[in-house]
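The structure appears below as structure tokens.
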Amino acid sequence: MSIKEIITVPDEILKKVSTPVEKVGINEKNLIKDLFETMYNSKGIGLAAVQVGILKRVLVIDVSTKNGEKNPMCFINPKIKKLSNEMSVYEEGCLSIPDTFIEIQRPKICQIEYIDINGKIKIKEFDGLLSTCVQHEINHLDGKLIIDHLSKLKKDIIIKKISKIKKDSNRIIV
Ligand code: ZN
């Protein structure tokens, strides 16, 4: 297992559509372990494979980390089957977009079909924070980011700011 580097905007890979997994083998299981390790290390509550540069439809979530007890969940080839009309709003951040929080409205409840780590097809319903988190991560698999909810102008400002921080990251004052 290893902690992977998380890719940040404006890297073009984040805009790519990930490919479905055909079989859950050792590579996929190792990828899932790495995703969990990387997510916990970064104190995130969700991470998609594309965020570590792997274009497979795999994502991990654990919304319980704040309370101390872990509740790791992984999703392979997740598909949204149903969305509620009722909406909820969260201020969302993203490990690929440092120091940026955007208020986003999404369906409060979602029903997801996915393959679990044992290769079994599952259908589950999620509500509230978990629902938002699953939808955010599935967006990653389709190359969509939270900044895509903003106007082009606002999006450009955020990308410019992050690109500048990246460029200056080797600058030191002694
Ligand atoms: Zn994200």
Side-chain angles (χ1 to χ4, degrees), residues 2-21 28 31-66 70-80 83 87-112 114-115 117 124 126-152 154-166 169:
S2 56
I3 294 168
K4 303 280 187 199
E5 193 193 329
I6 295 177
I7 293 168
T8 53
V9 289
D11 197 310
E12 291 292 313
I13 198 170
L14 295 168
K15 291 184 188 168
K16 296 213 163 119
V17 176
S18 295
T19 315
V21 169
E28 286 71 27
L31 168 63
I32 288 164
K33 280 184 200 158
D34 287 347
L35 287 173
F36 275 122
E37 208 176 325
T38 307
M39 179 186 78
Y40 288 130
N41 180 60
S42 312
K43 311 240 177 325
I45 58 170
L47 190 66
V50 58
Q51 293 177 275
V52 298
I54 294 168
L55 287 165
K56 284 186 183 176
R57 298 188 82 83
V58 175
L59 59 92
V60 299
I61 287 175
D62 189 342
V63 297
S64 67
T65 45
K66 270 185 193 159
K70 287 182 178 173
N71 180 24
M73 303 170 78
C74 77
F75 300 80
I76 300 161
N77 299 348
K79 270 181 227 142
I80 294 173
L83 293 169
M87 307 294 271
S88 58
V89 177
Y90 284 94
E91 213 181 356
E92 295 182 31
C94 179
L95 291 172
S96 293
I97 313 170
D99 304 321
T100 305
F101 291 90
I102 302 166
E103 215 171 70
I104 295 175
Q105 184 176 281
R106 298 184 191 266
K108 186 174 177 289
I109 300 164
C110 65
Q111 193 193 61
I112 309 292
Y114 64 97
I115 297 170
I117 195 155
K124 270 191 190 165
F126 301 100
D127 193 352
L129 174 62
L130 203 46
S131 171
T132 284
C133 192
V134 173
Q135 291 175 62
H136 173 125
E137 298 308 330
I138 291 177
N139 279 171
H140 273 299
L141 305 183
D142 293 319
K144 270 191 232 152
L145 298 169
I146 50 172
I147 46 175
D148 295 327
H149 289 255
L150 301 173
S151 67
K152 188 173 182 310
K154 279 188 186 164
K155 191 170 150 177
D156 288 346
I157 291 169
I158 290 171
I159 289 176
K160 228 179 184 173
K161 191 186 81 190
I162 293 169
S163 305
K164 190 176 176 335
I165 293 167
K166 265 190 181 172
S169 63

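Whatever order the structure lists them in is the order used to number ligands and atoms, beginning at 1. For this chain, numbers begin at 1 and follow the sequence in order. Side chains are part of it too, since the values below use all heavy atoms of this structure and drop only hydrogens, waters and symmetry mates. The structure displayed is predicted, hence computed values, not measured ones.
Residue-environment remark: NZ (Lys161) exceeds the threshold of 12 foreign heavy atoms within 6.0 Å.
With a 6.0 Å cutoff to the six-membered ring centre and a 45° limit on the axis angle, Lys124 does not count as a cation-pi contact of Tyr114.
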Set out, in order, the CA-CA distance, both residues' side-chain angles and the distance that settles ring-ring contact (aromatic ring centres under 6.0 Å, His included) for Phe75 and Phe126, then state yes or no. CA-CA 13 Å; Phe75 300 80; Phe126 301 100; 5.7 Å; yes

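You'll find the side chain of Val50 stays beyond 4.5 Å of the side chain of Lys16, heavy atoms only.
Ser96 and Ile7 make their closest contact through OG-O, 2.8 Å (heavy atoms, listed as atom of the first residue, atom of the second, distance).
Within the protein, the N, O or S atoms sitting under 2.8 Å from the Zn ion (ligand 1) are Cys94 SG, His136 NE2, His140 NE2.
Within the 3.5 Å criterion, the main-chain N or O of Ser18 finds a donor-acceptor partner in the side chain of Arg57.
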